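Below is one structure; the comments refer to it alone.
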Amino acid sequence: MQITDEPLPTAVGGTGKKVGFVFPSYYCNIPRAVHAFVEKLEIKPDTYIFAIVTMGAVGQGSVAAMSKLLKAKGLRLDYGRGIKMPANNMLLYNPADPSKSGNTLDKTDKLLRTVAADIKARMQKVNSHPFILHNHFKNIETLDAGYTAGDSCTGCGLCEKICPVRNIRIDNGKPQWLHRCELCVACICWCPAKAIENGNKTQSRRRYRNPRVTAEELIK
């Protein structure tokens, strides 16, 4: 989810309308940028609301977190489920090999057709789990403390462009992190020179890029 300077719409949805949120599971929770967007967004009553969570392993807690957030706004999540994707949290483990992820992505494509049909039919179904972690929402100012750009950095600026929360600025030819990190690790994974690391966790780990998505598409 890219942060933009455009104002939020005054209100969305309404009777007979659908509003959906598609986002990744972050530590069995909602990414902060998504949480802030939904919290501020005005959704009209009687709107059919759905949430699709992409996840490496466990993501149903993120569905529960979205349901809880909407309930606090006087709204109901009508349809919610997790969608299995290749596991890619390189800060915790060696992520999936992109060249071998085709089978998982093919299964996901088939499942998405079922999900689309469910939403078209306005199905009422929420697959959630009460397991929600809150550690990702703490100490935001320290989350990017471990990022460094090595000598192989060319200053190309792709990391600055691809960061969804504008947390990177190129200064004197090197990226600087501005302490509002979401830990999406896009800057590490998409660096063409493989110059970016996070502490001593990532040096020996592969980078994961969805082989069906380009950097240009993410930037847009």
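These figures come from a predicted structure and were not determined experimentally. We number each residue from 1, following the sequence as shown.
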For this session: Answer yes or no: is there a donor N or O on one side and an acceptor on the other, between the side chain of Arg169 and the main chain of Leu178, under 3.5 Å?
Result: no
Exercise. Should Val53 and Phe23 be marked as a side chain to side chain contact (heavy atoms under 4.5 Å, CB included) after you check the CA-CA gap, both sets of side-chain angles, and the distance that decides it?
Worked result: CA-CA 5 Å; Val53 179; Phe23 58 92; 3.5 Å; yes
Problem set entry | Salt-bridge criterion met for Asp118 and Arg113 (N-O under 4.0 Å) | no
Problem set entry | Inter-residue atom distance Asn167.CG - Cys187.SG, 0.5 Å rounding | 8.0 Å
For this session: State plainly whether the residues Asp109 and Lys107 are in salt-bridge range, i.e. N to O under 4.0 Å.
Result: no
Seminar exercise, completed: When rounded to the nearest 0.5 Å, the distance separating OH of Tyr48 from CG of Leu77 is 8.5 Å
For this session: State whether the side chain of Glu160 and the backbone N or O of Gly157 hold a donor-acceptor pair below 3.5 Å, judged by distance alone.
Result: no
Exercise. Is there a donor-acceptor contact under 3.5 Å from the side chain of Thr47 to the main chain of Gly14?
Worked result: yes
Exercise. When you measure from the side chain of Ser62 to the backbone N and O of Ser25, does any donor-acceptor pair fall under 3.5 Å?
Worked result: no
Problem set entry | Option from Val185, Ile168, Ile188, Thr148 for which side-chain contact (heavy atoms from CB on, under 4.5 Å) with Ile196 holds | Ile188
Exercise. Can you list every ring-ring contact (aromatic ring centres under 6.0 Å, His included) pair that touches residues 84-128, not counting sequence neighbours?
Worked result: none
Problem set entry | From Ile83 atom CD1 to Leu112 atom CG, the distance as rounded to the nearest 0.5 Å | 5.0 Å
For this session: Output the distance between atom SG (Cys191) and atom CD (Glu197), rounded to the nearest 0.5 Å.
Result: 9.0 Å
Exercise. Do Phe50 and Val115 share a hydrophobic cluster (ILVMFWY, side-chain heavy atoms under 4.5 Å, transitive)?
Worked result: yes
For this session: Taking salt bridge (charged side-chain N to carboxylate O under 4.0 Å, His left out) as the test, write out the residues that go with Asp144, two or more places apart.
Result: none
Exercise. Hey, does the side chain of Glu182 reach the backbone of Ala33 with a donor-acceptor pair shorter than 3.5 angstrom?
Worked result: yes
Exercise. Hey, what do you get for CZ (Arg209) to CG (Leu218), rounding to the nearest 0.5 Å?
Worked result: 10.5 Å
Problem set entry | Other residues, nucleotides, ligands: >12 heavy atoms within 6.0 Å of Lys194 NZ | no
For this session: Return each pair, listed once, that meets ring-ring contact (aromatic ring centres under 6.0 Å, His included) where at least one residue sits in residues 160-180; pairs must be two or more places apart or across chains.
Result: Tyr147-Trp177
Exercise. More than 12 non-hydrogen atoms from neighbouring residues, nucleotides or ligands closer than 6.0 Å to NZ on Lys73, yes or no?
Worked result: yes
Exercise. Heavy-atom count around Arg122 CZ within 6.0 Å, excluding the residue itself: above 12?
Worked result: yes
Problem set entry | Pair Gln176-Asp171, side-chain donor/acceptor within less than 3.5 Å | no
For this session: Could you tell me whether Asp97 and Arg207 have a side-chain N and a carboxylate O separated by less than 4.0 Å?
Result: no
Exercise. Does the Thr108 side chain pair with the main chain of Lys84, one donor and one acceptor, at a distance under 3.5 Å?
Worked result: yes
